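Worth knowing before you read on, the calculation uses all heavy atoms, side chains too, and leaves out hydrogens, waters and symmetry mates. Ligands are counted one by one from 1 in listed order, and the atoms in each one are counted from 1 as well. Quantities reported herein were computed from a predicted structural model and do not represent experimental measurements.
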Amino acid sequence: MSIETPASTNIHSPKGARPVGRTITLTVDGVPVQTIQGKTVLHAAIEAGVYIPHLCDYHDLTPFAGCRMCLVEVEGMRGLETACTVVARDGMVVRTNTALARQHQRGVLEVLLSDHPDRCLNCPRMERCGPFVVCQRDDTVTDRCVTCPRNKNCELQRVVDFVQWREQRFFNPRRIGEPERSNPFVERYPDYCIYCARCVRVCDEVIGVSALGLAHRGMDATIAVDFEKPLTESGCIYCGRCAVVCPTGALMKADSKYGATPTESTTPSVCTYCGVGCSMFLNTQGGRLANVMADREGASNHDNLCVRGQFAYDYAQHRDRLKVPRVRQGATLVDATWESALDRVARDLRRIRQAHGPDAIAFVGSGKITNEESYVLQKFARAVVGTNNIDEPTARYCYEPTLRGLHESFGSAGATIPTRDLESAGCVIVIGSHTVEAHPVLSFWVKRVVRRGGRMILIDPRATEMARLASVHLRLHPGTDLSLLSAMLKVIVDEKMIDRTFIESRVEGYDDLAASVASIDLAAVERETGVPAEEIRKAARLYATGGMDKRYPVPGSLWGEIVWPGQRTDTSNSVITYASGVAQQADGEAIVRVIASLALITGQIGKPASGVFPLAGQNNTVGSVDMGCLPNWLPGHQPLSSEPARAALEEAWHRGIPAAPGRDLDATVEAIERGEIKALYVVGANPARSIPDTERVLAAFRKLDLLVVQDIFPTETAELATVVLPASSAKEKDGTFTSTERRVQRVHAALRPIGESRPDWRILVDLAVRFEEDADWCQRQFAFAGPADIADEIARVVPTYRGLAYDAIGIDGVQWPLIDGATGAATLYESGFERGRGRVFPVRASSGAVLPDASYPFIGIFGRAQLWNTGAMSARSRGLTRMWGEHRAQVHPSDATRLGIGDGDLIAIASAHGRLEIRVSVSDIVAAGQLFVPIHHPDANRLLASRRTGRGMKSVALAITRLAGPAPASPQRSEISLMDLPLLPVARPTRG
Ligand code: SF4
């Protein structure tokens with residue numbers, strides 16, 4: 001079965017949930033200015049290029065009118081108005097440049113500056129002062145301009161210059177505060193604070209963390225962390241957004257201090273960690289990556305990054321980077337030339353294929369390489385070698401159940417709405433996702449649902465930070481998700497909260513589903529899941545009504561019921577978002593089908609801010625799936641079993657494609673053990689760490705005749721390799737990534753390749769030329785000069801990417817599928833499904849949760865923490881490792897007391913499959929009898945059985961033994977060495 005191109009079916013919509021107001025015209029300083037209704041005078045003027053001095057306003061914060069700098073005259077209004085709070089109206093006449101406005105602005109500024117160091121603002125030598133000039137006339141070192149970390153990138157300087165302030169009549173006693181450098185990411189310099197409260201408001205309104213607050217009053221007012229402790233003792237998530245919005249040097253990103261020199265260049269790019277796909281700019285200086293800045297209008301992140309995106313880019317320049325090819329000689333890998341290494345790989349692959357057939361070779365792809373590289377890899381496997389033995393770890397373990405489940409339900413698989421739609425929903429269910437740490441920027445949008453009076457339902461065995469905000473927290477026993485969601489279906493069916501019209505016109509299989517849920521006993525589900533039946537009913541009712549069920553009025557939340565201008569509070573749309581906590585369970589595909597069924601029977605799909613939102617783990621997991629890096633799926637989500645799909649590819653490639661499905665990763669390990677697979681070719685992955693049952697995987701890999709690893713770092717897999725080929729990182733190459741919201745985004749080379757490393761596509765093309773016997777065919781099929789050529793072929797042969805013009809992909813990217821050949825589809829299934837009608841399935845019994853026993857009395861929960869996956873990149877980020885380099889398990893206080901375990905103690909964790917040693921945090925985030933194990937620990941997968949046993953990867957029975965007390969204190973984190981000083985300062989990049 002091939003999938004119709006959406007351009008011809010036209011069942012999707014380019015619209016998202018964010019409303020677009022009508023255009024109005026006002027006059028600013030005599031010039032007509034067009035803007036969207038609802039904008040403030042300040043924003044309308046700035047967009048029209050008219051600068052109005054302001055310090056507390058910021059584009060995505062609620063109007064505050066705290067600094068009083070943006071005073072303007074408005075015809076028909078008495079006196080002066082603050083432009084940041086006056087909403088622009090059609091025909092309004094505004095004057096910004098009057099004597100009265102300037103006079104008041106200078107007066108306000110004088111008060112603001114009464115306790116700010118002012119040498120940088122009024123020094124007569126300012127124009128001639130270079131960044132390293134030692135100024136003789138200054139009296140103290142601490143307030144000389146070149147010592148201000150924000151120097152020359154300071155909004156206060158701009159305001160001072162604009163209003164021509166040069167005289168200071170008021171002097172408060174200086175509020176000298178000690179700089180705080182408690183962490184490697186964000187530094188505080190309290191002297192420079194002007195109390196605009198941007199940092200406090202952004203942390204509260206946008207990030208939803210509230211790590212900062214305004215403390216004290218009057219002369220003693222200050223920006224403070226709770227109880228005036230350092231940031232390390234707050235809930236700070238180190239996203240750096242407070243430092244980005246700070247108009248002075250009071251809060252600084254540690255990598256962006258002393259902004260005296262303009263950046264050498266800035267390059268649009270995309271974060272290379274999670275699937276949110278945050279858009280950013282890479283700032284380089286002297287050929288090195290110095291820092292990054294979030295894209296203010298980024299489609300999914302809108303000026304936000306998390307700590308990984310903001311600060312953990314430095315892995316790309318780590319000294320461990322592979323720089324030259326290496327070939328095994330005996331027990332060691334020795335440096336080699338590209339020619340000799342590629343010749344060796346081609347020769348050995350040919351030998352193995354001749355002796356044992358193409359299926360004796362298997363390939364492992366990556367969720368980190370570009371779409372173009374994934375496409376070339378699977379084409380090499382299928383068309384050159386002749387095998388479907390290709391799999392990708394993040395797709396296999398995080399996304400494949402989604403692909404199957406949603407494909408069966410809708411006919412295609414992908415998030416049905418854009419990321420930013422989440423915040424506009426009336427109700428969001430978060431299940432199987434530690435969103436705050438796995439997909440942090442997306443968690444900002446989910447938290448905003450609660451802020452706006454909507455409901456968030458968290459289904460999670462742990463009481464994570466999201467639980468604090470959840471309207472309903474269903475704290476289920478690990479592994480009982482299928483039973484819980486099936487019970488929610490039952491409640492919706494029994495209480496007739498279905499959307500009958502939607503079902504009759506667009507859904508099939510409802511009667512069978514309704515019959516299957518009839519026998520579900522909520523009391524039994526309560527016993528199995530540990531969730532009270534009434535809580536299950538509440539969650540089902542809130543979901544079905546989009547949070548509008550009148551039985552459950554919105555309680556006074558942490559944030560009250562603040563309604564932001566221009567945003568809705570009365571939506572009745574619901575979204576379900578989920579991640580690997582669902583996909584990695586034994587019941588993963590069945591759970592995905594129930595999630596789709598919940599959406600279909602309630603009509604919560606096919607409209608903005610409503611639908612199903614799977615969260616892809618790695619930055620290009622979705623792209624690797626789209627490109628067909630799976631053993632039973634061809635590019636464009638076409639099943640391998642589809643003869644038309646195979647025929648279309650064969651026609652494009654002029655070569656046959658094997659019809660038999662290839663082996664997935666777990667089956668590959670078994671085939672290696674049996675001697676059926678002799679060669680493994682790994683691109684950008686670390687299967688020695690990421691496949692469960694590590695001991696067995698390592699033993700299997702040692703049996704291989706040929707193990708080729710193409711990567712940027714010497715991973716555990718590379719240590720076993722026959723040949724290691726150095727690849728370029730995403731910062732050094734062009735291409736596209738596809739985020740979890742189906743957005744195809746361009747990345748551009750900002751750095752020259754490290755050492756002799758080459759882009760992955762280049763290596764594969766060079767290898768194809770050496771391996772392929774039909775030189776003419778190879779010349780026609782692999783003569784790619786660059787990613788643009790590959791993207792052109794993708795646009796011809798991959799249905800979901802059909803018509804996508806590589807050079808036309810702008811900084812916002814494009815969401816597949818395309819509508820009308822160019823516009824991306826924001827909302828899927830507005831008027832139909834790819835398969836015609838959406839399909840719901842009868843529910844089936846859960847395969848059973850993992851239960852503790854006498855030997856293994858704890859249930860281990862596996863999940864993400866601040867590092868990332870196997871740590872190949874994140875564990876080589878200096879900041880991340882300084883803060884979180886020591887992996888910690890979490891144990892409940894009652895269990896810790898019973899076992900005599902204290903915070904920081906070293907424990908041994910054993911399962912039926914393996915053992916690891918780890919330090920422990922005592923925390924009631926986990927329930928009694930449970931233990932959280934971060935997947936980033938090098939030995940985490942030793943505890944898990946192979947997926948071939950039919951078990952999931954999320955929970956396993958464990959035993960704990962205390963080994964030793966806490967480690968000796970580590971060096972003071974606040975000590976910043978000279979090596980930590982910034983490479984350069986930055987100017988705010990623009991999208992132009
Ligand atoms: Fe990167 Fe994900 Fe963080 Fe965005 S949320 S900055 S994509 S890790």
Side-chain angles (χ1 to χ4, degrees), residues 185-186 206-209 236-241 243-244 253 255 268-282 289 291-316 367-368 394 398 415 418-420 422-423 430 433-448 465-466 577 579-580 613-623 729-731 736-747 811-813 863-877 879-880 883-884 935-936:
F185 308 120
V186 176
V206 180
I207 313 300
V209 167
C236 180
I237 59 170
Y238 309 105
C239 64
R241 189 76 201 278
V244 170
K253 285 169 52 179
D255 60 3
S269 191
V270 180
C271 176
T272 50
Y273 285 100
C274 88
V276 176
C278 293
S279 173
M280 58 169 62
F281 295 90
L282 307 177
L289 187 55
N291 54 27
V292 307
M293 294 291 277
D295 179 2
R296 183 179 278 216
E297 286 119 54
S300 65
N301 57 316
H302 204 70
D303 213 7
N304 294 293
L305 295 171
C306 75
V307 64
R308 287 188 293 266
Q310 188 80 267
F311 297 107
Y313 52 82
D314 52 341
Y315 73 87
K368 293 183 286 197
T394 63
C398 299
T419 304
R420 290 296 309 277
L422 286 165
E423 65 173 307
V430 179
S433 165
H434 189 194
T435 321
V436 169
E437 288 182 348
H439 299 89
V441 169
L442 188 128
S443 79
F444 304 166
W445 311 134
V446 173
K447 290 177 187 174
R448 275 151 69 119
E465 189 199 325
M466 293 294 258
T577 182
S580 57
F613 201 97
L615 288 163
Q618 190 65 48
N619 65 311
N620 204 34
T621 297
V622 170
S729 79
K731 316 285 189 235
T736 59
F737 290 132
T738 304
S739 72
T740 202
E741 60 169 350
R742 301 172 277 108
R743 190 174 299 278
V744 185
Q745 295 169 288
R746 284 282 302 272
V747 288
I811 193 165
D812 285 332
R864 287 195 167 100
Q866 288 85 353
L867 292 188
W868 192 246
N869 290 1
T870 66
M873 298 188 304
S874 59
R876 291 182 171 90
S877 163
L880 293 189
M883 291 294 285
W884 301 293
I935 60 167
H936 323 296

Worksheet item: Protein N/O/S atoms under 2.8 Å of atom 1 (Fe) of ligand 1?
Response: C271 SG
Worksheet entry | N/O donor-acceptor pair under 3.5 Å between S877 side chain and Y313 backbone | no
Discussion item. Side chains of H439 and S443, heavy atoms from C-beta outward: is any pair under 4.5 Å?
Written reply: no
Item to complete: Please tell me if the side chains of H302 and V206 come closer than 4.5 Å, counting only heavy atoms from C-beta onward.
Response: no
Discussion item. Salt bridge (charged side-chain N to carboxylate O under 4.0 Å, His left out), that's the test. Do R743 and D812 meet it? Break it down for me.
Written reply: CA-CA 8 Å; R743 190 174 299 278; D812 285 332; over 6 Å; no
Discussion item. Tell me whether the rings of W884 and F185 are parallel (<30°), tilted (30 to 60°) or perpendicular (>60°).
Written reply: parallel
Fill in: Result of checking V441, L442, V276 against S300 for side-chain contact (heavy atoms from CB on, under 4.5 Å)
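Single side-chain contact (heavy atoms from CB on, under 4.5 Å) partner of S300 among V441, L442, V276: V276.
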